Structure formats: C-alpha cells, structure tokens
Amino acid sequence: EKGAFPHYMLKEIFEQPNSLRNAMRGRLSRDDGTAILGGLNMTPQELRGVDRIILSGCGTAFHAAMVGEYVIETLARVPTEVEIASEFRYRNVPADKNTLQFVLSQSGETIDTLAAMREARRKGIKCLGIVNSVGSTIARESDGGCYIHAGPEIGVAATKTFTSQVMIMTLLGMLFGRIHHLSSADGMEMIDELEAIPDKIASILTQTDRIKAIAEKHANAEGMLFMGRQANYPVAMEGALKMKEISYIYASGHPSAELKHGVIALVKPDMPSVFIAPDDAVFDKNVSNIEEVLARKGPVICVTTEGRTELERLTDDVIYVPDCPSYLSPLLTVIPLQLLSYYTAVARGCDVDKPRNLAKSVTVE
Ligand code: M6R
C-alpha cells in the first residue's frame, strides 16, 4: 500500500535505500573482494571464457543496460554492447560461443525483450535474465540470471527497478573485473563504496523541498533537455524518459558535447536544460556546455556533487548529491531526476502512477 505517500511513484523512489540493500544482500564477499551471483549458473572457467557481453532491454531497462556497458567495460574491460531489445530480434548481431547475453526486464514479460532472449537462445547464445518478477516468463526461460529483489513496483514509471538493475550491472562489473585484472584490494574498496550508497541516497531524499521548488518553477516549460557525459549520458536519457512519461513535457537526453551538433538550436528561455555534472574527470567540460546554454538564455538546472558550489554562480537551480566513484554516480544522480519529473507531473496535475497511453508491462509488439 501507498501508506503515507500520495503516489506509488514517490513511495517507490523513497524505497531505494532499501531496495538497493536487498539487491546487494548476500552477494558481496568481503573475503574475496568480489560479487557472488550463483544464479548465473556458470563456473569461474566459463565466466573467464566470456569475451563479449550483450545487454538488451526496453525503456528504462535499456538505459540501465547503457550504464552497464560503461561499468562493465570500466571495471572488467570486457567488450560490452547494448542492443535495444526490439532491434536485436530483427538484426543479426555478431555473437559466438564466447558471447554472453543478459536481458534486463522488471516485469520479465516485455514481449520485445522476451523475443530478443528467444532469438539469442535459438542461435545458441547463452542468455541470462536480470529480472524483478519472480517466476516471470524471462526468469523461467532464461539459462539463469539474477533477481533484482526490488519488491513490487506499481507506478508505471520505473524508479527503484532502474537503480537495482544498475546495481546488478555493477556487481557484474566487479565479478568480471575480479576474474581479469582487478585485485582483491580493489574489490574490497568497491564493496565499501557500494555499501555506502543506500545512506547517500537517503541523504538526497531529504532535499525534496528544494527539488519540488525547482520543478514548480519550470513546470510550464515547453520542453526540457537533459545532458550528461560518460555513465551519466544514459542517466540523462532516463531523466528525459521520466519527464515525458509522467509530465507529458517533451524531453530528450543527450551527451553534453552533442549540444553544438544540433541540440543547441532548441535552447531558449522556456526550454530548460538539466545538466548531470558531478565532480568527475569531465566536470569542466560540462561547465563549458552549461555556459554555452546560459549564453543563449536557456535556463539551467544542475545536478552536481556536494562542494561544487561554484555552479551557484551560474544558476540558482543546483541540486547536490554526495561524492562517490564515477562508476557508481548514476545510482545517485538519477534520484533528483526521478523527483524532478515526479514534482513536475504533480504540479501539472497529471496522473502520476497511471500516465496516459502506457501500461506497466508491454506484452504486445
Ligand atoms: O518490465 P520491463 O523492465 O521489461 O519494462 C520495460 C519498459 O517498458 C519500461 O522500463 C518502461 O520504459 C517504463 N515505463 C519506464 O518508466
């Protein structure tokens, strides 16, 4: 039940510290500095033989897969490709016996994702499911996998299942990293960082008043642009999807540097740009992009790391998240974007939990 929350979506956003603890529970081995994912049904030898990973999903799960590509390649250096599930089934993606495919799906029933899995298995590619619904079709038909244990998600907009899928991607990165070049000391440090994430999310959730005020200020925008780099590029896409889906404001997510290749033509006073610009190796690059937007009279909303107060010289609308390693950043930066879309939708009087034209689970093509 919703309890004290006016909508399931808000309740589910607030469940994230706990849903992430559940996604990690029993899966971190401090002794070996690695992840334990027994449901993959693969021996260390088989895992070591994997030389290519394919990740597939739709909508939010596709964005989690994009973060997965970044995290797995960063931590494990195993070439990883994301194929949107609806395209995978109609393409002939190169794969061989050393390729491992993962399909990501909250419901485990999305027809395109299911079809991508069936197509992969028909070709003899091993396919594992990253699923929330226990006993769903993908969970039953896959060669194994990993439940995300996020608990029921009722709101049509996926929130806690995104962060839990990203968490599993990180555990996979760690697992593959540890059978290649990461040391056990690296692994142990990662475990400390992972275990700190739930409390960091809880601290972001104390800032709802500020995020609500920013949302209300921009609620009549004609459209919104979302920009990020590296693992925060998929977060930009996810922020834009949430905004479209529940507030019906047209929004799109881009790599920040694409601005000058076309997107900047859209910048104007009623088209805010949301920058995901944490304190990382590309912070200064994001700041130049922010300045380009401001110079064209586009309002800017920033999500950045605590301490980066210099952004307040550029815009009033700065939202802070705690510091963390850059490969974990999406787990924190997406939270303000979920809240931004939520409060925008509420301000616009939209039916947050049941947006028009959408179903929770898309079982037709
Ligand atoms: O159940 P699935 O994870 O397979 O669903 C995939 C998409 O339909 C889903 O993520 C959709 O994009 C959400 N409504 C986004 O909030």
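In listed order, ligands and their atoms are each counted from 1. These numbers come from a predicted model, not from an experiment.
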For S107, the ligand 1 atoms with a heavy-atom partner under 4.0 Å come out as 1 (O), 2 (P), 4 (O)
| field | S361 to ligand 1, any heavy atom closer than 4.0 Å | value | no
Atom 5 (O) of ligand 1 has as its nearest protein heavy atom T110 OG1, 3.5 Å
Per-atom filter on ligand 1: closer than 4.0 angstrom to a heavy atom of C58 are 6 (C), 7 (C), 10 (O)
**Residues D192 and R30 bridged, charged N to O under 4.0 Å** = yes
Q) Are any of the N/O atoms in A158 less than 3.5 Å from those in ligand 1? A) yes
Ligand 1 atoms nearer than 4.0 angstrom to some heavy atom of Q106 are 1 (O), 2 (P), 3 (O), 4 (O)
Taking the six-membered ring of Y250, is the NZ or CZ of K244 close enough (under 6.0 Å from the centre) and on axis enough (within 45°)? yes
Atom 11 (C) of ligand 1: closest protein heavy atom, distance to 0.1 Å, is T60 N, 4.2 Å
Check: Does the side chain of N18 come under 3.5 Å of the side chain of K160 through a donor N or O and an acceptor N or O?
Finding: no
Legend entry - Test: R308 cationic atom under 6.0 Å from F283 six-membered ring centre, within 45° of axis: yes
> With a 4.5 Å heavy-atom cut-off, do Q101 and K126 have their side chains touching?
Replying inline: no
Quiz item: Any N/O of K242 closer than 3.5 Å to an N/O of ligand 1?
Solution: yes
Honestly, for E109 the part within reach of ligand 1 (heavy atoms, under 4.0 Å) is neither
The closest protein heavy-atom partner of atom 13 (C) of ligand 1 is E245 OE2, 3.4 Å
Tell me whether V156 has any N or O atom under 3.5 angstrom from an N or O of ligand 1.
yes
Review point. Are D186 and S183 linked by a side-chain donor-acceptor pair shorter than 3.5 Å?
Key: yes
When I301, V293, V303 are each screened for side-chain contact (heavy atoms from CB on, under 4.5 Å) with F275, the one that passes is V293
E109 versus S361, side-chain donor and acceptor atoms under 3.5 Å = no
Numbered in order shown, the ligand 1 atoms found under 4.0 Å of a heavy atom of G59 are 12 (O)
Enclosure of E306 CD (heavy-atom neighbours >12, cutoff 6.0 Å): yes
protein heavy-atom neighbour closest to atom 8 (O) of ligand 1 works out as V362 CG2, 4.1 Å
Quiz item: Can you tell me if N232 and R229 form a side-chain donor-acceptor pair at under 3.5 Å?
Solution: no
Do T113 and ligand 1 have an N or O pair less than 3.5 Å apart? no
In ligand 1, the atoms that come under 4.0 Å of a heavy atom of A157 are 16 (O)
